Amino acid sequence: MRIHETAVNTAVLLALLSVPAFAWWTDEPFTITLATRAAVLALAAVGLNILLGIGGLVSFGHAVFFGLGGYAMAILAFHAQNYTELNLGIGVIDGTNSMPVIWLVAIIVSAITACLIGLLSLRTSGVYFIMITLAFGQMFYYFAISWSTYGGEDGVSIYVRNQFPGLNTLDPIQFFLLCFGLLCFTLFVTARVQRSAFGVALNATRQSRARAEAVGLRPVRLQLVAFALSGAITGLAGALFADLNRFVSPSMFSWQLSGELIVLVIIGGVGRLIGPVIGACVFVALEHLLGGLTEYWHIALGAILLGIVLFGRGGVLGLLTGQDGARV
Amino acid sequence: MSTILIIEQILNGLQLGIMLFLMAAGLTLIFGVMGLINLAHGSLYMVGAFAASTVANLTGSFLAALVAALTAAAFAGALVETLIIRRLYRAPHLDQVLATFALILIFSEGTRLVFGSFPLYLDIPSALAGPITLPGGIAYSKYRLALIVIGLVVALGLWCLIERTRLGTQIRAGENDREMIAALGVDISKLYTIVFALGAALAGLAGALVGAIQSVQVGMGEPVLILAFVVIVIGGIGSIRGAFVGALLVGLTDTLGGVFLPELFALFLEPGAAQRTGSALASMSIYILMGAVLVWRPSGLFGARA
């Protein structure tokens with residue numbers, strides 16, 4: 001089965017690479033943008049999958065980290081574009097339009113926030129955990145709306161995409177390759193984490209908390225680390241998403257987005273390495289194809305989702321490999 | 001800052017709290033009896049509001065509109081329970097979340113398809129329009145006062161239903177031990193449908209009542225749903241008493257925070273900064289309250305110790 005799954009993984013990544021490559025050849029920048037959107041959403045869902053698939057924790061508030069990454073980018077780039085200083089309270093810094101710096105800030109801010117939310121929400125489990133993560137998501141959403149310095153409800157526009165050394169990020173294919181590269185790197189790291197002592201222990205905690213405790217593991221500490229790692233990856237995706245649209249708004253924090261991230265993971269296959277990538281590609285394709293037919297395409301999405309939940313656990317990967325996904 | 005303003009805001013907070021209770025009571029009842037987390041509860045709130053608005057425009061009677069809201073929401077609840085929700089009681093929470101999230105998508109877009117994207121309006125009945133003068137010379141909206149009274153009456157009725165009737169005994173028994181009550185000959189699947197429809201009717205009633213002071217539109221239910229989750233987390237899942245106390249706490253914190261926090265910051269910040277900091281903090285106040293309760297009592301104020 002291992003070989004089979006590796007083959008599927010490679011095929012999916014090659015497929016995601018070949019679509020924009022073909023579009024670049026035939027000069028269709030919009031298709032490249034769609035593929036970039038799929039890659040970035042996939043990255044966000046890969047982050048969620050660590051918590052949901054390996055850790056078994058249903059976070060309905062992952063938009064928090066997506067939004068934080070987005071706003072980290074927007075705030076830094078906003079000050080760089082207006083040549084104003086950013087007052088942090090403890091000191092004053094300049095904005096920046098360098099992607100690596102923005103990514104680092106997005107990752108650190110998301111990881112710290114994930115630790116704080118995790119400390120509170122991991123005091124509980126099950127349904128409480130779902131409701132609390134949802135509530136914290138809403139807290140950030142309303143905070144962003146009332147934060148008038150950065151556009152409040154209207155959000156912030158950034159006029160020029162941020163810079164990456166040696167690349168022209170305004171060229172769609174180069175920006176796609178950047179996002180795709182980050183996605184592959186993150187998948188590689190996730191695969192290593194999954195097989196590491198930490199990953200195995202986390203998996204054990206999901207399957208049986210009592211037994212994991214009995215052999216001397218500390219479930220809450222493992223889950224907290226998973227939460228931080230998961231939040232950091234989704235935060236990075238948020239920064240890329242903001243750069244893709246050159247725009248952020250409070251909707252990046254919305255509960256719908258949290259729900260959609262879970263949907264991406266489920267469509268692909270929970271707890272499978274490549275599951276979120278398949279989910280994101282299917283989602284973006286559906287959004288584009290059905291969205292072109294009718295503006296009410298969410299009805300179809302809802303029906304598909306109901307079908308997966310009621311009849312087919314394991315998502316697309318479950319169909320392909322004949323295995324169910326992780327039990328959560 | 002006058003006493004009149006304070007009393008007015010406390011009444012507003014009570015009104016919000018009572019309406020949240022109608023939502024939270026249904027959610028917590030459904031969770032307590034069937035162990036189901038129902039994200040689509042906000043959709044039933046919306047169904048109630050749309051039904052009320054449609055009937056009010058056809059007949060001109062607010063009472064008929066309320067009856068329509070109760071009936072439509074209860075019917076929609078019973079239908080969804082029989083077709084879909086019933087299959088989810090034994091499923092993991094993730095499946096429940098996903099399936100009810102899918103239901104939100106279907107309900108919201110379905111409503112948009114039928115009624116369009118523009119908000120509908122529901123007029124306050126003329127008998128309750130305008131202000132009433134309370135003892136002490138405080139002028140307060142008659143309708144909002146009526147909402148508080150209706151909510152309290154429904155809360156009392158719910159308490160009587162659960163503590164004093166045969167159905168209530170079955171519901172409480174269902175919370176304690178599902179297998180045993182089924183073994184005693186109670187038709188458990190009928191009981192589940194009734195409980196779900198009851199919760200739905202409460203949500204629909206809240207939707208119709210609030211619809212008259214806000215606009216009736218697609219997506220109106222979800223912000224209320226998430227507030228109701230905060231209420232339940234604070235009060236303790238499965239406890240109706242907890243839902244009542246939690247709802248009042250959340251309603252008062254949200255309303256009073258929005259008014260008084262900017263004033264509080266104005267004491268030591270310049271006006272613009274005070275307004276910004278105050279309103280930003282106010283928007284977070286109920287979540288801070290929730291965090292504090294979680295640190296103090298992880299299973300809520302009235303929750304069973306996990």
Side-chain angles (χ1 to χ4, degrees), chain A residues 52 56-58 60 116-117 119-132 134-149 254-256 258-260 262-263 265-266 270 294-311 313 326-328, chain B residues 27 31 35-37 39 84 87-88 91-110 112-113 117 219 222-223 225-230 232-233 236-237 272 275-276 278-288 290-292 294-295 297-300 303 306:
Chain A
L52 182 64
L57 293 165
V58 184
F60 210 117
L116 293 177
I117 294 182
L119 275 176
L120 282 172
S121 51
L122 287 172
R123 294 174 66 86
T124 64
S125 59
V127 175
Y128 271 103
F129 185 84
I130 299 172
M131 293 182 186
I132 290 162
L134 185 57
F136 277 123
Q138 202 73 351
M139 172 174 101
F140 278 85
Y141 176 71
Y142 284 121
F143 180 78
I145 283 185
S146 63
W147 202 9
S148 50
T149 320
S254 68
W255 67 270
Q256 287 97 332
S258 296
E260 280 172 8
I262 300 184
V263 171
V265 174
I266 302 303
V270 190
T294 160
E295 73 177 289
Y296 306 107
W297 77 280
H298 276 107
I299 295 187
L301 179 66
I304 293 172
L305 197 54
L306 266 184
I308 292 181
V309 174
L310 294 178
F311 305 112
R313 287 200 58 85
R327 294 297 293 183
V328 175
Chain B
L27 273 176
F31 184 82
L36 176 97
I37 172 170
L39 294 182
I84 293 157
R87 300 161 201 272
L88 297 169
H93 292 316
L94 178 61
D95 283 9
Q96 301 178 346
V97 162
L98 278 166
T100 49
F101 180 68
L103 284 176
I104 296 184
L105 295 178
I106 295 172
F107 266 111
S108 293
E109 291 305 305
R112 204 194 300 280
L113 193 68
S117 298
E222 281 68 40
L225 172 85
I226 297 172
L227 280 183
F229 279 160
V230 175
I232 293 179
V233 168
I237 301 182
Q275 184 62 40
R276 277 201 301 276
S279 57
L281 257 185
S283 67
M284 299 168 78
S285 56
I286 56 167
Y287 306 101
I288 297 170
M290 178 184 82
L294 278 179
V295 171
R297 282 192 164 189
S299 52

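Values in this document were obtained by computation on a predicted structure and should not be read as measured data. Just so we're on the same page: letters track the sequence lines, and every chain starts at 1.
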Asker: At a 4.5 Å cut-off on heavy atoms, which part of B:Arg112 comes close to chain A: side chain, backbone, both, or neither?
Answerer: both
Asker: Roughly how far, to the nearest 0.5 Å, is CD of A:Glu260 from CG of B:Leu105?
Answerer: 7.5 Å
Asker: Looking only at heavy atoms and a cut-off of under 4.5 Å, which of B:Ala102, B:Pro223, B:Gly35 has the most pairs with chain A?
Answerer: B:Ala102
Asker: Against chain B, work out which of A:Phe140, A:Trp147, A:Phe60 has the most heavy-atom pairs shorter than 4.5 Å and name it.
Answerer: A:Phe60
Asker: Less than 4.5 Å to any heavy atom of chain A: does that hold for the side chain of B:Phe31, its backbone, both, or neither?
Answerer: side chain
Asker: With only heavy atoms counted, which part of B:Val295 is less than 4.5 Å from chain A, the side chain, the backbone, both or neither?
Answerer: both
Asker: List the residues meeting side chain to side chain donor-acceptor pair (under 3.5 Å) with A:Arg123, not counting sequence neighbours, and say none if there are none.
Answerer: none
Asker: Among A:Tyr296, A:Phe143, A:Trp297, single out the residue with the greatest number of heavy-atom pairs under 4.5 Å to chain B.
Answerer: A:Tyr296
Asker: Considering all heavy atoms of both residues, which atom of A:Glu295 and which atom of B:Glu109 are nearest to each other, and what is their separation?
Answerer: O-OE1, 3.9 Å
Asker: Could you look at B:Leu39 and say if it's the side chain, the backbone, both or neither that has a heavy atom under 4.5 Å from chain A?
Answerer: side chain
Asker: Between A:Leu310 and chain B, with a heavy-atom cut-off of 4.5 Å, which part of the residue counts as in contact: side chain, backbone, both or neither?
Answerer: side chain
Asker: Applying the side-chain contact (heavy atoms from CB on, under 4.5 Å) test to B:Phe101, which of A:Ile262, A:Ile266, A:Leu305 qualifies?
Answerer: A:Leu305
Asker: For chain A, which of B:Thr100, B:Ile84, B:Ile106, B:Leu88 has the most heavy-atom pairs under 4.5 Å?
Answerer: B:Ile106
Asker: Chain A heavy atoms under 4.5 Å from B:Ile104: which part of the residue, side chain, backbone, both or neither?
Answerer: side chain
Asker: Measure the OG-CD distance between A:Ser148 and B:Gln275 for me, rounded to the nearest 0.5 Å.
Answerer: 9.0 Å
Asker: Check side chain to side chain contact (heavy atoms under 4.5 Å, CB included) between A:Met131 and all other residues, then give those that pass, not counting sequence neighbours.
Answerer: A:Val127, B:Ile37, B:Phe229, B:Ile232, B:Val233, B:Ile237
Asker: Checking B:Met284 against chain A: side chain, backbone, both or neither under 4.5 Å from a heavy atom?
Answerer: both
Asker: Examine whether an atom of B:Ile226 lies under 4.5 Å from a heavy atom of chain A, and if so say whether it belongs to the side chain, the backbone or both; otherwise answer neither.
Answerer: side chain
Asker: Examine whether an atom of A:Leu306 lies under 4.5 Å from a heavy atom of chain B, and if so say whether it belongs to the side chain, the backbone or both; otherwise answer neither.
Answerer: both
Asker: Check whether A:Tyr141 gets within reach of chain B through its side chain, its backbone, both or neither, counting any heavy atom under 4.5 Å.
Answerer: neither
